[in-house]
Protein chains: 4
Amino acid sequence: MPRVSEEHLERRRQQILDAARLCFARKGFHDSSMQDVFAESGLSAGAVYRYFKSKDDIIAALATQTMTEIREVMAEAIHAETLPTPAELIALLAQNIVARSGPEGPVRLAPQAWSLALVKPEATGYVREAILAMRDIWHEYADKMLTAGWLPEDADTNAVAVALIGLLPGFILQHLIIGDPSPETLARGVRTLLPYGEPATR
Amino acid sequence: MPRVSEEHLERRRQQILDAARLCFARKGFHDSSMQDVFAESGLSAGAVYRYFKSKDDIIAALATQTMTEIREVMAEAIHAETLPTPAELIALLAQNIVARSGPEGPVRLAPQAWSLALVKPEATGYVREAILAMRDIWHEYADKMLTAGWLPEDADTNAVAVALIGLLPGFILQHLIIGDPSPETLARGVRTLLPYGEPATR
Amino acid sequence: MPRVSEEHLERRRQQILDAARLCFARKGFHDSSMQDVFAESGLSAGAVYRYFKSKDDIIAALATQTMTEIREVMAEAIHAETLPTPAELIALLAQNIVARSGPEGPVRLAPQAWSLALVKPEATGYVREAILAMRDIWHEYADKMLTAGWLPEDADTNAVAVALIGLLPGFILQHLIIGDPSPETLARGVRTLLPYGEPATR
Amino acid sequence: MPRVSEEHLERRRQQILDAARLCFARKGFHDSSMQDVFAESGLSAGAVYRYFKSKDDIIAALATQTMTEIREVMAEAIHAETLPTPAELIALLAQNIVARSGPEGPVRLAPQAWSLALVKPEATGYVREAILAMRDIWHEYADKMLTAGWLPEDADTNAVAVALIGLLPGFILQHLIIGDPSPETLARGVRTLLPYGEPATR
DNA sequence: CATGAATGAGGCTTCATTCAT
DNA sequence: GATGAATGAAGCCTCATTCAT
């Protein structure tokens, strides 16, 4: 007979994650202290530790959540009625990334999660799963490209997925660190290289 | 042990960088303590601090050095007599990356540097420069692609560079975190997508 | 041990200041380590740093407190119903100083604060204020001397304050470093020089 | 059969003391590192340590030298043919102090030495001696005041010295920390209080 | 005689986490 | 359930001094 509703608990959890996301996006996993999270969330130390067992726990939850969101955008896109060309798909994803890349946006957590995966065995697992899941979707997309006749019949769609998936981290890094390439520029580059469905073929 | 040669000094510097590289590749920038570096280098705290004024200084030197090395491999490749196809070029780079990706290899520093750039203003500068320099080389390559007739005459070679550059971080992350795609797989994927110079066109 | 009273917090603060005063009086600001303060106070590092943000902060609090105390003694004395002669006043102050000059007494902090003010810009401010405040009181006293007819009508009471204020640091240094002059000796010297209110004038 | 002349050694010693004086006046005993002294003197670590056995040794030499200088000025003054009044004497001394109080002047070492004497047993000795020697001179002056008829015949000239000596540290501190009182102001204050030899007596 | 690279103890401070209230 | 004061290990770096060259 819990005193507080399940819903209340979930709300508290999310409140903490939101605060942590702001902190981590601003200052990074390591340079944000738990004190920062307490202050940002408006909760006490004890309260936060009731919902998460450790700082790593919060990071794991947040990293997973963030990578899941990007994946969902992509999943939705490739399941649309008309198959988007790579350029269209990438334009959509890049726009979404930009929208979530503000100074406190969740996309800033992605490179930190990649880095963490190299260094903390506990993190390796969930980052790995997230990347594999992402690659599965790209694989699925590559299969559809094959079906659409955009790839030779004997194409190794897994290899194609391995190649295409790089477009995203490439864009994320350029966007976050340099700040310049617009989604349109990236899409134009991709369209130039992979001009499927364009009026003029190569 | 005074009045040592310039060369000795440089050797000491490199000795410290080598030790730091091992530490950082193994445990990450943050989780490697300076004590780790002292122990790994066989030098005392004071000795290390004679050559580098802070831990951040070592990180900067190492990150810059590492990113420069990768860039040089690429620069050399695209200046070869015969212009490599994207697949050939990527195969070469990916092989190089794999060779430097052992448990203590310098490539493991790259994602850490990207992450650092988002979080430490002092790091932003040199990581940014490294990425821009890399993109310049890709831009140069894209220009050569144009000249080789692999791109339409009105192609935006800058946009092409923005797209192509992603192949590298994409591969690095997959290789370091998942461990699976071989350089050949990546090259095959690229060759499938960009079949320039292949006997049979699409 | 949360949700403690305001009073508890203040007690802790004073507990730390008391411990620090002992340490600093014994070994000086610089030669007392924070570890010494932790040990003397019976608190952990973290606890101390909850109340003071740095060692300098503790020093500042202590120096100010100490200089304020001496000033209060003097303020009280010169506001007494009957104006004390310089000799009486100095006797009182010197007695007070001796009482606070034990091996762990706060007066030992004064010369250290003067020294600090020459060397640490952050300290200059509060030491300066303390000296100026002290001089204001001496100025006030000099004005009363004028009113009492102890000074010529056209006397520059500010200049008199500048001169008289030296009696204190002079006594403090002699007492702390040499150990010998008693308050009575000093008072006798002053009475000899400034025999106001004495039965026989010069 | 020394290789270098005694004179050369003495010159080196003084070169080091001069450099150290600059450093210590600027940043204080503690905050000046030996490295600072090496740099300022243009000598190597080994060279400096050939002439002084330790940092404390340099401090001791410098503190003693400085306090001796001030004493000599005073000794000379009171041995002049005509006995100066206290106001005249103090004016002279204060002028001398001001002249040596520049940002790198030796007078800045005095308060540091006083402070040191409270804290380092090795320093207590020589600071104590310096103060006692100074007081001896004031005592001598007080005796002359007696002879000049400025003091009652039964005056305790030692007590008078104890009182008068404070004028100097008082002025030094006000001058160094606050910066304001001019030698003239101090002298005017003293003349007001001790108007010996003035046309109009009290 | 001089050099200056090397030493290494020790200083200040931070911060994830706990638990008495 | 919540609070927040307290813990204490561990991190980065400085600096007086030595001694091989």
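Numbered from 1 within each chain, the chains take letters A, B, ... in sequence-line order.
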Just the rounded figure in Å: distance from P of dA6(F) to CZ of R11(C).
11 Å

Just how far, in rounded Å, is P of dC13(F) from CZ of F38(B)?
8 Å

Tell me: CZ of F52(C) to P of dT14(E), nearest whole Å?
15 Å

Run the side-chain hydrogen bond (donor to acceptor under 3.5 Å, both in side chains) test on R12(B) and Q15(B) for me, step by step, so that the C-alpha distance in whole Å, both residues' side-chain angles and the decisive distance to 0.1 Å come before the verdict.
CA-CA 5 Å; R12(B) 270 274 187 273; Q15(B) 172 184 357; 2.8 Å; yes

When you measure from the side-chain N and O atoms of H8(C) to the phosphate of dT21(E), is any distance below 4.0 Å, counting only OP1 and OP2?
no

Any side-chain N or O of Y49(A) less than 4.0 Å from the OP1 or OP2 oxygen of dA2(F)?
no

Let's test this: given Watson-Crick or G-U wobble pairing with both distances under 3.5 Å, identify the partner of dT21(F).
dA2(E)

Let's test this: given Watson-Crick or G-U wobble pairing with both distances under 3.5 Å, identify the partner of dG8(E).
dC15(F)

H30(D) NE2 - dC12(E) C1' separation (whole Å)
11 Å

Is any side-chain heavy atom of L22(D) less than 4.5 Å from a side-chain heavy atom of D18(D)?
no

In whole Å, what is the span from the CG atom of D57(A) to the P atom of dT18(E)?
12 Å

Of the candidate nucleotides dA6(F), dG8(E), dG4(E), which contains the atom at the shortest distance from the side chain of S44(B)?
dG8(E)

May I ask you to test the I59(B)-Y126(B) pair for a side-chain heavy-atom distance under 4.5 Å?
yes

Nearest-Å distance once atom P is located in both dT21(F) and dC1(E):
22 Å

If you assign D31(C) and A47(C) each to the DNA chain E nucleotide with the nearest heavy atom, which residue ends up on the more 5' nucleotide?
D31(C)

What nucleotide among dA6(F), dT17(E), dT7(E) has an atom nearest to a side-chain atom of L43(B)?
dT7(E)

Does the distance from a Lys or Arg side-chain N to an Asp or Glu carboxylate O, for E40(C) and R21(C), drop under 4.0 Å?
no

Residue whose closest nucleotide on DNA chain F lies nearer the 5' end, G46(A) versus G42(C)
G46(A)

I want to verify a distance call: between dT13(E), dA16(E), dT17(F), whose nearest atom is closest to the S33(A) side chain?
dA16(E)

How close or far is atom C1' of dC15(E) from atom NZ of K27(A), stated in whole angstroms?
12 Å

Between dT18(E) atom P and R50(C) atom CZ, what is the distance in whole Å?
17 Å

Ion pair R26(D)/D31(D), N-O distance below 4.0 Å
no

What is the distance, rounded to the nearest whole Å, between atom NZ of K120(B) and atom C1' of dC12(F)?
12 Å

Determine the contact category for Y51(C): base if any of its heavy atoms lies under 4.0 Å from a base atom, sugar-phosphate if only primed atoms, P, OP1 or OP2 are that close, otherwise nothing.
sugar-phosphate

